[in-house]
Protein chains: 2
Amino acid sequence: MPVNLKQLAELLGLSQTTVSRALNGYPEVNAKTRQRVLKAVRETGYRPNRAAQRLATGKAYSIGLVMPIASGIGSDIHFGEFLAGLAEEAVKHDFHFVLNPSAPEDEEATFRRLAASGNVDALFLAHMRSNDPRIAILKSLSIPFVVHGRSIGGPKDYPFLDIDNTGAFYDATRLLIQLGHRRIALINGQEHLAFAIRRKKGVTRALKEWDLELDETLVHHSVMTDEYGYRSMQRFLKQPDPPTAVLCSSTALALGAVRAINQAGLTVGTDISIIAHDDVLPMLKPENFSVPLTTTRSSLRAAGARVASRLIGGILDRGAYPDQELWRAELIVRASTGPASAKKINSRKRV
Amino acid sequence: MPVNLKQLAELLGLSQTTVSRALNGYPEVNAKTRQRVLKAVRETGYRPNRAAQRLATGKAYSIGLVMPIASGIGSDIHFGEFLAGLAEEAVKHDFHFVLNPSAPEDEEATFRRLAASGNVDALFLAHMRSNDPRIAILKSLSIPFVVHGRSIGGPKDYPFLDIDNTGAFYDATRLLIQLGHRRIALINGQEHLAFAIRRKKGVTRALKEWDLELDETLVHHSVMTDEYGYRSMQRFLKQPDPPTAVLCSSTALALGAVRAINQAGLTVGTDISIIAHDDVLPMLKPENFSVPLTTTRSSLRAAGARVASRLIGGILDRGAYPDQELWRAELIVRASTGPASAKKINSRKRV
DNA sequence: CATTCCTCCCAAAGCGCTTTGGATACCCTG
DNA sequence: CAGGGTATCCAAAGCGCTTTGGGAGGAATG
């Protein structure tokens, strides 16, 4: 038997209007009265009825999530982690989700349906590609949205939260170069994804500053699972002139890469250096690697929470959030990076 | 400018009452009238306002999801797949989700809060353990729920959807035994999870029928990732008397196991047989393995959809669903199973 | 023919909140 | 002391649906 606004108002000897206004921060209510109201709320445990608020305000108090069910995305470990961040924040504000599993070819229709339904106040978007067409669609539907990541090319006037992928991989590459590495490999995410393109750009840029060039045979793109990390590294090591250092776009990839390295009889950090991007997945901590991993770190869950904050803030029009945010990833040096070994790697394999 | 009930009623020259009843399947409305109403709905594209329905009925039209954020569960690939099934069905009925990320120790509090909030009509529960305490909690909160999986021990009178894990692994083991295998290994999910316990039981039972015993050194429990499959298999192969067949609790585990097998210079299907449980993950199809995988198959996404159906059906009290369902997994024989090789496996390694 | 019983429909009262459009009292100006 | 602000509060009208409590009309019953 939760108490409702009417009862609360009676209890206080006030009108519903005043109580409502006190709670929603309107100015035309005496400070003392507001305190009384707040106190009564605490004592009675009053919680406004969301259904009634929805009806009265026309807001849905929920955010739409188009869940990609394409191969290797929806079931991706990163998705769950980001979602946890989103949900963590949403639950604080009593926001709901409308989860829409959707194949890539149906996405546009899904957006339209969702926008027209009035069931969501805002949408969230991820897995940006270059010239991603979804941004234009969402704009034309004039429904608020926040993108996680950034497209490449096309208009830039849309709200997003991204990390500085170029910068992160530039920094990482720079570190490797300073340690004397010249043959640097990259095990990256899928080629069409914006973050992967930017990370590669970061590597290229750093190399160019030292008059080095990125060897395309030392770049692999794939779904970011441990298995592909293993395969890629294995193939790199088989090359006539294998890399002395490798950058991985995720700790999962790094896990596989490390295994391939060990299996080749090499040691991470001395024979070959490795830096991974760390999304701070609870199940895959870089400090727990047999050789603790040097990483560029940025919490995916924190990003999820922040996106949720911005979406919710926008809906409640509380507080002014920046429209575009670019988070800088931290470069954290651990034991997996060391000076380029003089020893020729392939010679080892012939033992 | 969506049309609402009032306008629709005016358009039809009927009262809101009658239109509402026509739409909600009440008997006291003439069949012809109902047809007229339905036709008008189609033409106008009328969709009842969910917020208003919520308020009027007191139902939330949404289901609560306690998302485990414990290590290796929330970010599990299987979670995403199940969730996609849930959402797929929910979206058809315009149901929302309340996602609650929660650490295991906070789960009880989360349940209470959720039940008291009135924000959800029903809850969904998964990752059953033996004597899982959460069932009793949910019962005491008297909120409808459906469990995916089943506890082991404790009262059995709660609604669930499970697959016959014991049966599936019994069948699989039987097949292996019939093919002449005697040393059979099991790479299983985490030890405390009910499905893993049951699968092991299935193996044990089948072996016992042939007067064989499950060698505990041939059983590994772990998070079901490709990496652990690899590690487990590697260790099995190093044993003095390695298995000639192995059962994997997921295709991800099998992926790793296959790699270990190949790496040892052995061939799947001839030197060593392998059967995996297949949750039908779009990114990991058993038929696409280098040697197509024999599996026990049961779609996780279908299970998600079914659980959603039952939850939603229960809320709308439409249709009678069985309270407890046990799905039988299909045993699908492909090329990864063959007669036990006469060749001693370890001898190969010494070449 | 009077009565009862269906069948089919309607008016109106909520559900619990927000918001509009005043009121009232008090304080300042000039 | 009249006129104009200002600060603070309230009554009531929705939001769009469901549901209660009839009520009219015709068929069936006695």
Side-chain angles (χ1 to χ4, degrees), chain A residues 1-38 40-41 44-62 93-94 117-119 121 315-318, chain B residues 1-38 40-41 44-62 93-95 116-119 121 315-318:
Chain A
M1 36 244 55
V3 30
N4 63 22
L5 185 63
K6 191 175 171 187
Q7 296 164 338
L8 189 65
E10 263 166 25
L11 188 77
L12 285 161
L14 289 169
S15 72
Q16 295 189 39
T17 311
T18 305
V19 178
S20 171
R21 288 193 159 142
L23 291 177
N24 295 319
Y26 283 76
E28 57 267 76
V29 44
N30 189 293
K32 239 170 226 158
T33 311
R34 195 188 302 273
Q35 289 314 314
R36 274 182 60 215
V37 171
L38 260 31
V41 167
T44 58
Y46 168 75
R47 309 241 63 204
N49 179 309
R50 256 293 140 88
Q53 286 183 314
R54 271 188 251 261
L55 186 56
T57 59
K59 285 176 187 164
Y61 296 98
S62 51
H93 301 275
D94 191 13
S117 76
N119 274 331
D121 303 305
I315 294 163
L316 303 176
D317 29 62
R318 290 224 188 95
Chain B
M1 36 246 60
V3 24
N4 63 20
L5 185 63
K6 191 175 172 186
Q7 296 164 338
L8 189 65
E10 263 167 24
L11 188 75
L12 284 161
L14 289 169
S15 73
Q16 294 191 39
T17 311
T18 304
V19 178
S20 172
R21 288 195 159 142
L23 291 177
N24 294 319
Y26 283 76
E28 58 266 74
V29 43
N30 188 291
K32 236 167 229 159
T33 311
R34 194 189 302 275
Q35 289 315 314
R36 273 183 60 215
V37 171
L38 260 32
V41 166
T44 57
Y46 169 75
R47 309 242 64 205
N49 179 309
R50 255 293 139 92
Q53 287 183 313
R54 271 187 250 262
L55 185 56
T57 61
K59 285 175 186 163
Y61 295 97
S62 52
H93 301 274
D94 192 12
F95 265 65
S117 74
N119 274 330
D121 303 304
I315 293 164
L316 303 176
D317 29 62
R318 287 220 191 101

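So that the names make sense, note that chain A is the first sequence line, chain B the second, and so on, each numbered from 1. Just so it is clear, the model here is predicted, and its values are computed rather than measured.
- DNA chain C is contacted by both A:Tyr26 and B:Leu55; B:Leu55 maps to the nucleotide lying nearer its 5′ end (nearest heavy atom per residue).
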Enumerate, atom names and distances included, each donor-acceptor pair closer than 3.5 Å involving a side-chain atom of residues 5-14 of chain A, sequence neighbours excluded.
unit_1, atom_1, unit_2, atom_2, d
A:Gln7, OE1, A:Asn4, N, 3.0

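- Not one side-chain nitrogen or oxygen of B:Thr18 sits closer than 4.0 Å to the OP1 or OP2 atom of C:dC9.
- If you take CZ of B:Arg34 and P of C:dC9, they are 10 Å apart, rounded to a whole angstrom.
- Counting non-hydrogen atoms under 4.0 angstrom, A:Thr57 reaches the backbone sugars and phosphates but no base.
- For the atom pair CG (A:Leu38) and OG1 (A:Thr33), the distance works out to 11.5 Å, reported to the nearest 0.5 Å.
- In this structure, CD in A:Gln53 is found 11.0 Å from CG in B:Leu55, a value given to the nearest 0.5 Å.
- If you check every strand for non-hydrogen atoms under 4.0 Å, A:Gly13 touches sugar and phosphate atoms only.
- At least one donor-acceptor pair closer than 3.5 Å links the side chain of B:Thr44 to the backbone N or O of B:Ala40.
- Between A:Glu28 atom CD and C:dG21 atom P the separation is 14 Å, expressed in whole Å.
- For the atom pair CG of A:Asp121 and CZ of A:Arg54, the computed distance is 9.0 Å after rounding to the nearest 0.5 Å.
- Residue B:Arg21 contributes atom CZ, which lies 13 Å from atom P of C:dC8 at whole-angstrom precision.
- In summary, contact between chain B and DNA chain D, defined as any nucleotide atom under 4.0 Å from a heavy atom of the protein, begins and ends at D:dG16 to D:dG21 in the 5' to 3' direction.
- Within a 6.0 Å radius of CZ in B:Arg47, other residues, nucleotides and ligands contribute 12 heavy atoms or fewer.
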